[in-house]
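Below, read A as the first sequence line, B as the second, and so on, with proteins coming before strands; counting in each chain starts at 1.
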Protein chains: 2
Amino acid sequence: MINEIKNFKQYLAGVIPMGEGSFEIALQYLKVETIEKGEHLVKEGQACNKVAFISNGLFRIYYLKDGTEINTCFCKENSITSAFDSFVNQVPSKENIQALEDSVVVTLSSENLAKMVGENAVWQTVRQLLTEKECLRLSGRATSLSFEPALEKYRNLLRDQPEIIQRVPVQHIASYLGVSRETLSRIRARVGE
Amino acid sequence: MINEIKNFKQYLAGVIPMGEGSFEIALQYLKVETIEKGEHLVKEGQACNKVAFISNGLFRIYYLKDGTEINTCFCKENSITSAFDSFVNQVPSKENIQALEDSVVVTLSSENLAKMVGENAVWQTVRQLLTEKECLRLSGRATSLSFEPALEKYRNLLRDQPEIIQRVPVQHIASYLGVSRETLSRIRARVGE
DNA sequence: TGAATTTTGTGACAAATGTCAATTGAATTC
DNA sequence: GAATTCAATTGACATTTGTCACAAAATTCA
């Protein structure tokens, strides 16, 4: 089994204990893709009909508001990324997913996921758990966006996802936190980070 | 079948087509509760082990930050409310759910929901769909909190949930939008609403 | 390497929002 | 129905943040 698939298997094992053979159903459906820095995994307007497990690399999810990009999420190796609304409701995506580093992902189409759910109920549970995880992430994001002043938002990010600050250009972080680049610049100068 | 249960059945029919008899499994597990204005359905620190379908009335979900209440959601009749994190992960709730009007709800414990999933797979799908719905709601909330100036936040709320503005005290709306009461007051004066 | 481009940082100022205090208005209670 | 409490509004001012302009630094690419 190639490394990327192994990583995915291991990731799932951390989400739910899977009996022998449950994962093997997936093998025929999984696809390994290489995405270069700057390339898009999903573009606005496309239907995003897959989820991607990131074996290696880093992505950002963003959408356009009045012509400017607003980042909503950074996804790094050993996690799953997708344009959620598009994937779930089979509608064109409003979101873009772009690689911030050269990346390798394992993709699974919604169609094939549906087949897997039919073959083994554990995959339904996987789907449920991943959805719940996404809920918690979004809930945390909503909390950190409301009422926190810019400094605290930055500190929270520093606490919760310190790697992001190392690996993501400042302009993208600013947009993620909902502050201007300049404000974030000044905050960083003050924090001494 | 009493009215509240009927309402719940009808609500579910809108979420997923349920075959004859699928809903009837639930009857033995559902409980109808009356909550007076001001009372709490869930309090911080408790484990929230149930979801509640609101047949009648209105609730707010809020948490405490440095002693002040921050509202994260308003839930009205014909929708479902719960302290999501607590329900899913069986941990003490950080959220409070309080009735803003005299209300009647139909509750279902997580324990019983699990039983129902065992008896009929459609309930697993119900759970999945409701979780996805919650994701979309949270995603929308995160979007409206980030970068929108106060005026636009208010306009968006006016567009998306006009009833809330009629039925919820202004102070609670301000906290929901992430602005001070005073600022919201001034915005309302300007908008002429 | 060196030029061009992009990203980041800084200063000056304007706009938006928060805070505090006082007032008005509405709801509740006795 | 008057008194009391609570909620909402308004004014004055301080603080935060955004915007614009430009400089410095880093990165990209020929």
Without decimals, in angstroms, what is the distance between [X] [atom1] and [N] [atom2]?
X: Arg181(B); N: dA7(D); atom1: CZ; atom2: P; value: 9 Å
X: Arg190(A); N: dT15(D); atom1: CZ; atom2: P; value: 13 Å
X: Leu184(A); N: dT10(C); atom1: CG; atom2: P; value: 12 Å
X: Arg167(A); N: dT7(C); atom1: CZ; atom2: P; value: 19 Å
X: Glu152(B); N: dA16(C); atom1: CD; atom2: C1'; value: 13 Å
X: Tyr154(A); N: dT16(D); atom1: OH; atom2: P; value: 18 Å
X: Arg188(B); N: dA7(D); atom1: CZ; atom2: C1'; value: 12 Å
X: Asp66(B); N: dG18(C); atom1: CG; atom2: C1'; value: 15 Å

Item to check | With Thr107(B), the side-chain hydrogen bond (donor to acceptor under 3.5 Å, both in side chains) member among Glu33(B), Lys31(B), Lys50(B) | outcome: Glu33(B)
Checklist entry - Counting only N and O atoms by type, is there a donor-acceptor contact under 3.5 Å from the side chain of Gln46(B) to the main-chain atoms of Lys43(B)? => result yes
Item to check | Pairs flagged by side chain to side chain donor-acceptor pair (under 3.5 Å) wherever residues 70-79 of chain B is involved - sequence neighbours left out | outcome: Arg60(B)-Asn71(B), Asn71(B)-His172(B), Asn71(B)-Ser175(B), Lys76(B)-Glu163(B), Glu77(B)-Arg167(B)
Item to check | Nearest-nucleotide 5' precedence on DNA chain C, Phe147(A) against Ser185(A) | outcome: Ser185(A)
Next on the checklist: Does this structure show an ion pair linking Glu134(B) with Arg137(B), if we count only N-O contacts that are shorter than 4.0 Å?
Outcome noted: yes
Should we count [atom1] of [X] as having more than 12 external heavy atoms under 6.0 Å?
X: Gln28(A); atom1: CD; answer: yes
X: Glu24(A); atom1: CD; answer: yes
X: Lys115(B); atom1: NZ; answer: yes
X: Gln10(A); atom1: CD; answer: no

Checklist entry - Per the end-axis method with five pairs at each terminus, what is the bend angle of the helix from dT1(C)-dA30(D) to dC30(C)-dG1(D), to 10°? => result 50°
Checklist entry - Looking for any heavy atom pair under 4.0 Å, which part of the strands does Gly178(A) touch: base, sugar-phosphate only, or nothing? => result sugar-phosphate
Next on the checklist: At a heavy-atom distance below 4.0 Å, what parts of residues 168-176 of chain A sit against DNA chain C?
Outcome noted: Pro169(A), Val170(A), Gln171(A)
Checklist entry - Would you say the side chain of Val51(A) lies within less than 4.5 Å of the side chain of Leu113(A), judging by non-hydrogen atoms? => result no
Checklist entry - What string of B, S and - do you get for nucleotides 19-30 of chain C 5' to 3' if you count protein non-hydrogen atoms under 4.0 Å? => result BB----------
Item to check | Pairs meeting criterion ring pair (Phe, Tyr, Trp, His ring centres under 6.0 Å) with involvement of residues 120-151 of chain B, two or more places apart | outcome: none
Checklist entry - Does any pair with a residue in residues 139-151 of chain B pass salt bridge (Lys or Arg N to Asp or Glu O under 4.0 Å), and if so which ones, sequence neighbours excluded? => result Lys65(A)-Glu148(B)
